[in-house]
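Working notes for the structure below.
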Protein chains: 2
Amino acid sequence: MLDAVKIALSYALSAAAIKRKNASMSQRSSSGSSGGSSRGSRASGRPTLAELARIAGVSPITASRALRGIASVDPDLAKRVREAAAALNYVANPAARTLASAHSDAVAVLIPSLSNLLFIDTLEAIHDVLMPRGLEVLIGNFHYSPEEEEKLVRNYLAYQPRGILLTGLEQTPATRSLLKASGIPVVYMMELSRETGLHSVGFSQEESGAAVARHLLARGRRHLAYVAAQLDPRALERGLGFQRVLAGQREVRPPVWLSVPEPSSVALGGELFVRLLDAYPDIDGIFFCNDDLAQGAIFEATRRQIPIPGRVAVVGFNDLPLSAHMAPRLTSIRTPRARVGEAAAHRLVDLMDGDCRAEPAIDLGFELIERESS
Amino acid sequence: MLDAVKIALSYALSAAAIKRKNASMSQRSSSGSSGGSSRGSRASGRPTLAELARIAGVSPITASRALRGIASVDPDLAKRVREAAAALNYVANPAARTLASAHSDAVAVLIPSLSNLLFIDTLEAIHDVLMPRGLEVLIGNFHYSPEEEEKLVRNYLAYQPRGILLTGLEQTPATRSLLKASGIPVVYMMELSRETGLHSVGFSQEESGAAVARHLLARGRRHLAYVAAQLDPRALERGLGFQRVLAGQREVRPPVWLSVPEPSSVALGGELFVRLLDAYPDIDGIFFCNDDLAQGAIFEATRRQIPIPGRVAVVGFNDLPLSAHMAPRLTSIRTPRARVGEAAAHRLVDLMDGDCRAEPAIDLGFELIERESS
DNA sequence: GCTTCGTAAGATAGCGCTGTCTTTGATGGC
DNA sequence: GCCATCAAAGACAGCGCTATCTTACGAAGC
C-alpha cells in the first residue's frame with residue numbers, strides 16, 4: 001500500500017492529468033459544447049481557461065494562477081501552462097476576469113484636448129509606462145469641460161479601472177466625490193496640489209508665468225501683454241503669475257490682458273497679434289499662453305515687417321518642436337510634458353501597489369529657453 | 001377565484017414588485033451581503049441591475065431590456081426603469097455585459113503613431129462618430145510595426161470588440177487570418193484596397209505622389225528628389241507615384257531618392273535638405289513625404305539664404321496647420337485625414353449593423369495646395 | 001365558449017474567469 | 001513513529017449581466 005502511494009506520487013502529475021481529463025470529459029458530455037444541453041451555445045469561439053487547463057493537465061484554477069504569475073504554483077506546472085497557452089494562442093477573456101475579480105487591468109486617462117500636441121506627448125509617455133505592465137489605457141477627452149469630465153469619470157468607473165489619471169485640478173465636486181467613493185487611486189497631472197491626500201505631478205503654472213514676466217523685464221520691456229486662447233485654467237494661472245510680477249514693479253503698468261475662448265491655433269495667434277498692436281501700439285513685449293499663438297504672431301510680423309524682437313518681444317509656452325527653428329527663433333517655456341506623463345504613471349503604479357509613502361506633489365519644474373524672439 | 005385573479009392582474013405591477021421584493025430579500029438573507037453566506041462578499045459596491053429592477057418594481061431582465069431600448073418593453077415600465085436608473089446613478093457593468101452577450105461595446109482603432117499630428121485628426125473624427133453611439137474607442141499604437149500590430153490585434157480581439165479600424169494594408173498574414181476568423185467587421189483607413197470583401201476608406205497615395213511630380217514638372221523643374229523619413233509604407237507609395245510620372249518624361253532623370261528610418265521631424269528635414277543639396281547641387285525641386293520635413297528644409301534654407309523656390313522648389317505632404325503660414329508658404333498635398341476617420345467610422349457602424357451593400361472602397365481624394373514654396 | 005395564436009414579462013442558466021475555503025500531501029519536532 | 005504545521009492544488013461558488021426558453025395573458029377565429 002505504501003509503495004503504491006509512493007509510485008502514485010512520483011507520477012502525480014500525469015495521474016492528475018488523466019483523472020482531470022476524464023472528469024472534464026464526462027462534464028462536457030452533460031453540458032458542454034458537444035451537445036448535452038438543450039440550450040444553444042453562447043460560447044465566444046475562443047479557447048477558454050478550462051480548455052487550456054485540460055491540455056496542460058492541471059485544474060483551471062492552477063492554470064489561472066500560473067498565467068497570473070502567482071508564486072505558489074509549481075514552476076514545472078507553470079511552464080506547462082504557459083506552453084499550452086502559447087500553443088493555443090490563449091488570451092484570457094478580460095471581461096470574465098474583470099467580472100470575477102471586481103477590477104480590470106485598465107487605467108483611465110482624461111485629457112482636455114486631443115488636438116493639442118502637448119497632451120499627446122504626455123499620453124505617449126503614459127502608454128510607455130503602463131502598457132509594458134499589462135495595463136490597458138482608456139483615453140477620455142473632456143474638451144476642457146468639467147461637466148464632460150464628470151460624465152467620463154462616471155462612465156469609466158463602471159469599467160472598474162485600477163487607477164485614474166486626471167489633467168488639472170478643476171474637477172466638479174461630484175467628480176471628486178465619485179472618485180473618493182470609488183477608492184481607486186488617482187493622480188493629477190500638470191498642476192500641483194497642496195491638498196493632503198491628492199497626488200499630483202506637474203509644475204507651478206503660476207511660477208512659469210512669473211518667470212516670463214521677469215525675463216521680459218530684464219530685457220528692458222515695460223509695456224507688456226498677455227494673450228491666451230481656449231479657456232484653459234492653467235493658462236489663466238500663468239497669466240496671474242505674469243501679472244503678479246509686473247504688479248510689483250514701479251513704472252510698469254499692469255499687462256494688457258487679451259483672452260479669447262476659441263481653440264489655440266497659428267492663425268489665431270496672427271490675428272490676435274495684429275489686433276493687439278493696433279489697439280496698443282506701444283506694447284513692446286507679449287507673452288502668448290501657447291507656442292502656436294506665438295508662432296502665428298511671428299509669421300504675421302514677418303509678413304508685415306514688424307521687427308521682432310526690435311519693436312516687440314515675443315515669448316511662447318511649451319516649446320513646441322518648431323519653435324527652435326523659426327526665424328526669429330522663439331523664446332519659450334519648455335514644459336516637462338512627457339516627464340509629467342511618465343512620473344504620473346509611475347506614481348499611479350506605486351499607488352496601485354499600495355505604496356503611498358512618497359510625497360504627494362512632484363514638481364518637475366520648467367525651463368525658460370531664451371532665443372531670438374525676445 | 002376568477003375575481004381574485006382579475007384584481008391581482010389590475011394591480012399586476014405593484015403585486016409583482018412586492019413579490020419580487022420578498023424574493024430578493026429572502027435571497028439576500030441566505031447569500032447576500034447582509035451576511036448569511038459563509039464566503040466573503042466580492043461585490044463591487046456599485047448598484048446592480050437587480051437592485052435597479054427591485055426599485056423600479058420589475059424583473060431584472062425587463063430592466064435590462066428597458067435600458068437597452070428593446071422595443072417589446074411597455075413604455076411605462078421602461079420609463080420607470082430609466083427613472084430609477086437616474087436616481088441610483090446606475091451604470092451597467094460593461095464586463096458583465098460583455099461576458100453575457102459575448103461582445104463588448106468597444107471599437108479598436110490601430111494607428112502607427114501617436115506623435116504624428118496626422119493620425120490625431122483622424123482619431124478625433126473617429127471619436128466624434130463613435131462616442132455618441134455609446135461605443136468605446138480602444139486606441140492601439142503599433143509604431144509602424146506589423147508584428148506589433150499583430151500583437152495588438154490578438155490582444156484586442158480578447159475584448160470582443162464590435163469592430164476594428166486599421167491603418168494601412170500592411171498587416172501580417174496572421175493578423176489577416178485572426179481578423180477573418182473573428183468575423184468582426186474591419187475597415188482599413190488611408191489606403192484603398194481593390195481586394196473584394198475589404199472595406200477601405202482613403203485616397204490613392206500613389207496618385208498623390210504623381211500629382212506632386214506633375215506639379216513640379218509644370219513649374220519647369222527637371223532635377224527632382226524625393227525625401228522620406230520613417231519607414232512608412234504610404235510614403236513609399238507616394239514616392240513610387242512620383243517616380244512613375246518622372247520616368248515617363250524625356251530629359252528628366254529619375255529622382256534622387258533619400259529615405260531614412262528615423263521618425264519624421266522638423267530638425268531632420270533641415271538636415272536632409274542640406275545633405276541633399278551638398279551631394280546634388282543641381283537639384284531644383286524636392287518632394288518631402290511629410291510637411292514637418294519640408295518645414296525644416298524651408299527654415300534651414302532661410303537661415304542659409306538659399307532662395308525658395310528660386311533655387312529649389314519644395315513640396316510637402318499633409319498640409320499641416322503651419323504650412324500655410326511659413327515664409328515662403330509651403331506647397332503641400334492636403335489630405336482628408338479627419339474625413340477619413342469620419343467615413344471609416346461610419347462605414348464600420350454600417351457594417352456592425354449588418355449593412356454591407358455600399359461599395360467597399362471609398363476614395364476621398366486629395367488636393368494639391370499650390371503656394372509660394374514651388 | 002373554446003382553442004389557437006401572438007406578445008410582453010419572467011424564470012433559468014450560463015458567459016469565463018477568480019476569491020475563498022477545503023483538501024491533500026510534505027515537513028519538522030517530539 | 002505520531003501529530004501539529006505549512007504549502008500547493010483543487011472544489012466551489014458567484015461576479016452582474018443577457019440569450020433563450022417558458023409562462024401568462026389578451027385577441028382573434030371558429
Side-chain angles (χ1 to χ4, degrees), chain A residues 5-6 8-9 12-13 16 19-20 23 27 31-33 37-53 57-68 70-78 81 90-104 158 160, chain B residues 5-6 8-10 12-13 16 19-20 23 27 31-33 37-53 57-68 70-78 90-104 158 160:
Chain A
V5 168
K6 275 182 184 154
L9 287 176
L13 296 181
K19 185 175 110 196
R20 221 160 294 105
Q27 195 183 335
S31 72
S33 56
S37 169
S38 61
R39 290 169 189 265
S41 167
R42 267 194 290 160
S44 60
R46 323 183 71 255
T48 68
L49 186 66
E51 295 176 54
L52 171 69
V58 298
S59 72
I61 191 66
T62 299
S64 169
R65 290 200 264 249
L67 291 178
R68 283 181 291 155
I70 290 178
S72 71
V73 177
D74 183 281
D76 287 341
L77 287 191
V81 170
Y90 173 80
V91 181
N93 182 328
R97 197 166 251 192
T98 298
L99 187 58
S101 68
H103 66 82
S104 70
Q160 303 180 118
Chain B
V5 168
K6 275 182 182 154
L9 286 175
S10 71
L13 296 179
K19 186 175 111 195
R20 220 162 294 103
Q27 194 183 335
S31 72
S33 57
S37 168
S38 60
R39 291 168 190 263
S41 167
R42 269 194 288 159
S44 59
R46 322 182 72 255
T48 68
L49 186 66
E51 294 175 55
L52 170 68
V58 299
S59 72
I61 190 66
T62 298
S64 168
R65 291 200 264 248
L67 292 178
R68 283 180 291 155
I70 289 178
S72 72
V73 177
D74 183 280
D76 287 342
L77 287 192
Y90 173 80
V91 181
N93 181 328
R97 197 165 250 194
T98 299
L99 187 58
S101 68
H103 67 81
S104 69
Q160 303 181 118

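Every chain is numbered from 1 and lettered A, B, ... according to where its sequence line falls, protein lines coming before strand lines. What's counted below: heavy atoms across the whole structure, side chains too, no hydrogens, waters or symmetry copies.
Atoms CD (B:Gln160) and C1' (D:dC17) sit 14 Å apart, rounded to a whole Å. Atom pair A:Ile61:CD1 and D:dG14:P shows a separation of 15 Å (rounding to whole Å applied). Rounded to an integer number of Å, the gap from CZ of A:Arg97 to P of C:dC15 is 18 Å. The distance from atom CG of A:Leu99 to atom P of D:dC15 is 9 Å, rounded to the nearest whole Å. Atom C1' of nucleotide C:dG16 and atom CG of A:Leu67 are separated by 13 Å, given to the nearest angstrom. Rounded to whole Å, atom C1' of D:dC6 lies 16 Å from atom CG of A:Asp74. Distance A:Leu52 CG to C:dG16 C1': 12 Å, rounded to the nearest Å. In this entry the distance linking NE2 of A:His103 with P of C:dC17 reads 15 Å, nearest Å.
Phosphate proximity of C:dT18 to A:Ser101: absent, as no side-chain N or O sits under 4.0 Å from OP1 or OP2. Considering only side-chain N and O atoms, A:Arg68 lies under 4.0 angstrom from the phosphate OP1 or OP2 of C:dG19. For B:Thr48 and D:dG16, the shortest distance from a side-chain N or O to OP1 or OP2 is not below 4.0 Å. Phosphate proximity of C:dA9 to B:Ser59: absent, as no side-chain N or O sits under 4.0 Å from OP1 or OP2.
With rounding to the nearest 0.5 Å, the separation of CD1 in B:Ile61 from CD1 in B:Ile70 is 7.5 Å. Rounding to the nearest 0.5 Å places CG of A:Leu52 at 11.0 Å from OG1 of A:Thr62. The CZ atom of A:Arg68 lies 8.0 Å from the OG atom of A:Ser101; values are rounded to the nearest 0.5 Å.
A 4.5 Å side-chain heavy-atom check between A:Val81 and A:Val73 finds every atom pair outside the cut-off.
Side chain of A:Tyr90, nearest nucleotide from C:dC17, D:dG16, C:dA9: C:dC17. The listed nucleotides are C:dC15, D:dG10, C:dC17; the one nearest the side chain of A:Ala92 is C:dC17. Taking only side-chain atoms of B:Thr62, from C-beta outward, the nucleotide of D:dA9, C:dA9, C:dC15 with the closest atom is C:dA9. The side chain of B:Val58 sits closest to C:dG10 out of D:dT18, C:dG10, D:dA9.
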Given B:Thr98 and A:Thr98, is the side chain to side chain contact (heavy atoms under 4.5 Å, CB included) satisfied, shown in steps?
CA-CA 10 Å; B:Thr98 299; A:Thr98 298; over 6 Å; no
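Closest approach of B:Ala50 to B:Pro60, counting heavy atoms only: CA-CG, 4.4 Å. Scanning both residues, A:Ala66 and A:Ala78, for their nearest heavy atoms gives CB-CA, 3.9 Å.
Both B:Arg65 and B:Ala95 lie near DNA chain D, and the one whose nearest nucleotide falls closer to the 5' end is B:Ala95. Along DNA chain C, the nucleotide nearest to B:Ser72 and the one nearest to A:Pro47 differ in position, and the one closer to the 5' end is contacted by B:Ser72.
Judged purely by atom type and a 3.5 angstrom limit, A:Ser104 uses its side chain to pair as donor or acceptor with the backbone of A:Gln160.
End-to-end axis angle for the helix from C:dG1-D:dC30 to C:dC30-D:dG1, using five pairs per end and rounding to 10°, comes out at 40°.
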